Structures are given as C-alpha cells and as structure tokens.
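First the structure, in the form of structure tokens, and then the observations on it.
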Protein chains: 2
Amino acid sequence: MTQDPLSLDNQLCFAIYSASHAFTKAYRPLLTELGLTYPQYLVMLVLWEKRAASVTEIGAALGLDTGTLSPLLKRLEKTGYIRRERSREDERQVMIALTTPGMTLKVRAQEVLKSIGQAIGCDLEQMRTLMDGLRRVRRNLEEA
Amino acid sequence: MTQDPLSLDNQLCFAIYSASHAFTKAYRPLLTELGLTYPQYLVMLVLWEKRAASVTEIGAALGLDTGTLSPLLKRLEKTGYIRRERSREDERQVMIALTTPGMTLKVRAQEVLKSIGQAIGCDLEQMRTLMDGLRRVRRNLEEA
DNA sequence: CGCAATTATGTTGTGCGCAATATAATTTTA
DNA sequence: TAAAATTATATTGCGCACAACATAATTGCG
C-alpha cells in the first residue's frame with residue numbers, strides 16, 4: 001500500500017468496479033429465471049415501489065438517460081411485465097405501469113434477494129457502514 | 001429502512017452500481033484528455049505495473065474475458081499506447097507491451113488520479129474500511 | 001396571441017461486458 | 001506418435017451506457 005499510487009490494488013474505483021461486476025454476475029442466473037437482466041431488475045424495483053412512473057422519473061431514480069431506458073423499456077414491454085402508454089394530460093410523457101405478471105413477479109424477486117443476502121453473508125452493521133461510505137463517495141463525485 | 005426489503009434504498013447492489021457509474025462519469029472527461037476510456041485506463045494500470053502481459057493475464061487481473069479485451073486492445077493499439085505481438089515460445093499467446101507513448105502517459109495519469117482523489121475528499125481511514133468491505137463482498141459473491 | 005425556449009422521449013453510433021462459438025497451437029494420453 | 005483434450009485468442013450477437021442529435025409537445029415571454 002506504500003507502493004505506486006497507480007497500482008490496481010490501491011484504486012477505490014476498481015474495488016467498486018469489480019464489486020459491481022461480481023454483483024451482476026451473482027444476480028444473472030437468478031434473474032434469468034425471472035426473464036430479467038440486472039438493469040431491467042432495477043427498473044422493476046422502481047416500479048414495485050412507485051406502481052407507475054414516467055420514463056424520466058425512472059431515469060432520475062436510477063441515474064439513466066432515455067438512450068438507455070427507451071430500448072430497455074421496450075424489451076420489458078415485450079416480455080410482458082410493463083405497459084407503455086402516452087399520458088393524456090401531457091402527450092410528451094410515456095407512463096410506465098406494471099402489468100399483472102409484472103406485479104406478481106415481486107414475490108419471486110423477494111426469493112432472489114434472499115439468496116443474494118445469504119451469499120454476501122450480510123452483517124447488518126458492516127453493510128450499513130459500507131452503504132454509507134458508498135453514498136458519501138458518490139455524492140462527492142457528483143458534486144465535484 | 002424498516003420498509004420493503006426490495007426498496008431501492010436498501011439495495012447494496014444498487015449503492016455499488018451507482019457509485020461505480022459515478023466514478024466512470026467523474027473519470028470520463030479527464031481520461032478523454034488522455035485518449036482513454038475507463039476500461040482502457042484499467043488495462044493501462046495493469047501494464048504500468050507489469051510492463052507487459054498476455055491477454056489472459058490482463059483478463060485475470062481485471063476480471064474480463066477475451067470477448068471484451070480483444071477489441072479493446074485493438075483500439076489501444078490503434079491509439080498507439082500498446083503493441084500486440086504473438087509470443088514465439090507459444091504461438092497461441094499474444095503479448096501486450098507498452099509503447100513509448102504508452103509508458104510516458106503514466107505521468108499524466110498520476111495527475112488524473114490526484115484530481116479524483118480531491119473529488120472524493122479521501123479520508124484515508126474511511127477509504128480503507130470501504131475498500132476492505134468491498135473486497136469482502138466481492139469475495140463472498142464469487143465464492144458462492 | 002405567436003414564437004422562442006424548454007421538456008419528454010426517441011434514435012444513432014461507439015464502446016463495454018459476456019455468452020456462445022470458432023480456430024489454431026499446445027499438451028496429454030492412449 | 002497420432003488422436004483427444006486443453007489452452008489462448010478471436011468473432012458474433014445481444015444488451016447496457018452514454019454522447020449527440022432529432023422530434024414533438026408544452027411553457028413562457030414579448
């Protein structure tokens with residue numbers, strides 16, 4: 001650690017980058033069972049929480065732009081978990097709503113979460129400090 | 001926090017996912033100056049440390065497969081930072097070596113790192129516990 | 001009111017990430 | 001040693017991520 005500041009082992013960015021990939025790799029086989037990719041799962045998390053939302057609202061929650069969301073939502077619609085319909089009050093907006101299969105999928109997602117929780121062997125206390133640290137880093141990077 | 005276990009705010013995976021994106025977003029303008037993308041920068045970190053390596057060695061260090069690395073390395077070669085040449089001992093291997101521009105680029109990368117360090121406002125102690133936590137999570141996920 | 005800015009979404013192009021597959025060189029083994 | 005298995009790299013195809021640009025609806029300002 002007193003080595004080169006540019007060594008891979010010293011990079012917080014890489015620790016986060018590789019942990020993120022480890023997570024999606026762990027989720028992938030479980031989510032494939034549900035017919036979801038990891039980013040699609042994130043969108044479903046938003047919708048299970050909000051019931052319905054515009055594309056922009058989903059994007060704000062996840063930090064994604066329409067270039068990513070627009071085709072992703074089309075795929076989710078094709079799978080049958082969401083409906084996309086133009087808002088009548090504001091014809092620019094496309095409201096995204098869960099279908100019945102999309103709503104009932106939540107039960108199976110809870111099982112997925114349970115599996116992942118076991119895998120990371122979550123000490124609640126450590127996990128909280130970890131999440132606090134990550135949010136602090138994220139906030140600082142976004143403000144800078 | 002006593003809410004739905006599936007709420008976005010409770011997801012460690014999303015805290016990591018969004019922190020990772022915040023990092024690449026912070027790095028992007030700085031790395032663009034150097035003619036690098038973030039994953040290309042990671043490859044350069046490996047090469048600055050090892051001087052030269054096979055495709056597989058780089059992949060092992062970063063957790064990437066040849067499907068990702070093969071085209072990425074071609075782009076790095078085109079930019080002029082690396083050379084790709086078949087090993088004579090083992091004709092299957094392609095050895096990746098830094099060019100002179102690739103080597104001298106390290107000096108400018110040190111400046112980039114300094115900027116990022118200021119942005120995250122790194123308390124060394126907090127940063128270490130953060131990295132320890134991330135490595136623990138990653139290890140657990142990969143073992144499971 | 002009418003036109004200029006803004007807002008919401010979509011499209012295109014580039015690069016990453018990975019599964020699946022292909023190919024060629026090397027090693028193992030029968 | 002010849003055939004089978006393994007290893008190293010490359011290619012294809014799909015989905016995400018994002019910049020840049022396009023379009024249509026709404027808002028605001030003169």
Side-chain angles (χ1 to χ4, degrees), chain A residues 13-14 17-29 31-32 35-44 52-79 82 84-96 142, chain B residues 13-14 17-29 31-32 35-44 52-79 82 84-96 142:
Chain A
C13 63
F14 180 67
Y17 169 92
S18 57
S20 179
H21 286 311
F23 250 119
T24 62
K25 215 163 289 185
Y27 267 109
R28 186 171 298 115
L31 292 179
T32 298
L36 293 174
T37 64
Y38 180 71
Q40 289 169 10
Y41 168 71
L42 293 180
V43 169
M44 294 302 285
S54 71
V55 177
T56 305
E57 282 172 328
I58 295 172
L62 300 178
L64 297 173
D65 65 7
T66 68
T68 301
L69 283 176
S70 193
L72 185 155
L73 292 169
K74 278 190 189 165
R75 284 185 286 268
L76 271 182
E77 185 181 39
K78 199 168 169 187
T79 308
I82 65 165
R84 295 160 65 244
E85 36 195 40
R86 291 265 160 199
S87 160
R88 244 167 309 292
E89 300 122 45
D90 186 338
E91 287 278 342
R92 291 170 305 179
Q93 284 194 119
V94 173
M95 293 304 293
I96 310 297
E142 284 171 351
Chain B
C13 63
F14 180 66
Y17 169 92
S18 57
S20 180
H21 286 311
F23 249 119
T24 64
K25 216 163 287 185
Y27 266 110
R28 187 173 297 114
L31 292 178
T32 299
L36 292 174
T37 64
Y38 180 72
Q40 288 169 10
Y41 167 70
L42 292 180
V43 169
M44 294 302 285
S54 70
V55 176
T56 305
E57 282 171 329
I58 296 172
L62 299 178
L64 297 173
D65 65 7
T66 69
T68 301
L69 284 175
S70 192
L72 185 155
L73 292 169
K74 278 191 187 165
R75 286 186 285 268
L76 271 181
E77 183 181 41
K78 200 169 169 189
T79 308
I82 65 164
R84 295 161 64 244
E85 37 195 39
R86 290 265 160 201
S87 160
R88 242 168 311 292
E89 300 122 45
D90 187 337
E91 288 277 342
R92 290 170 304 179
Q93 284 193 116
V94 173
M95 293 304 293
I96 309 297
E142 285 171 350

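Note that the structure is a prediction, hence the values are computed from the model and not measured. So that the names make sense, note that chain A is the first sequence line, chain B the second, and so on, each numbered from 1.
- Using a 4.0 Å heavy-atom criterion, one finds that B/Gly59 contacts no nucleic acid atom at all.
- Considering only the side chain of B/Lys25, D/dC18 comes nearest among D/dC18, D/dA24, C/dC18.
- For A/Arg28, counting side-chain heavy atoms from C-beta on, the closest listed nucleotide (C/dC18, C/dT11, D/dT11) is C/dC18.
- Residue side chain A/Arg92 does not reach the base of C/dT9 through any donor-acceptor N/O pair under 3.5 Å, judged by distance alone.
- Each of C/dT9, D/dT9, D/dA17 was ranked by its minimum atom distance to the side chain of B/Thr66; first place goes to D/dT9.
- Nucleic acid contact for A/Glu89: sugar-phosphate only, since backbone atoms but no base atoms lie under 4.0 Å from a heavy atom of the residue.
- The side chain of A/Asp65 sits closest to D/dA19 out of C/dA8, C/dC18, D/dA19.
- Using cut-offs of 30° and 60° on the angle between ring planes, the pair B/Tyr38 and B/Tyr41 is tilted.
- Looking at A/Arg88, A/Arg92, A/Arg86 one by one, the single match for salt bridge (Lys or Arg N to Asp or Glu O under 4.0 Å) with A/Asp90 turns out to be A/Arg92.
- Heavy atoms of B/Leu69 sit nowhere under 4.0 angstrom from any nucleic acid atom.
- Comparing C/dA19, C/dT9, C/dT11 against the side chain of A/Lys74 picks out C/dT11 as the nearest.
- One atom, CD of B/Gln40, and another, C1' of C/dT14, lie 11 Å apart when rounded to the nearest Å.
- Residue B/Asp90 has its side chain nearest to C/dT26 when only C/dG10, C/dC18, C/dT26 are considered.
- For A/Val94, the side-chain atoms get nearest to C/dG10 when compared with the rest of C/dG10, D/dG15, D/dT11.
- Nearest to the side-chain atoms of A/Thr37 among the listed nucleotides C/dT9, D/dG15, D/dA10 stands D/dG15.
- If you check every strand for non-hydrogen atoms under 4.0 Å, A/Thr24 touches nothing.
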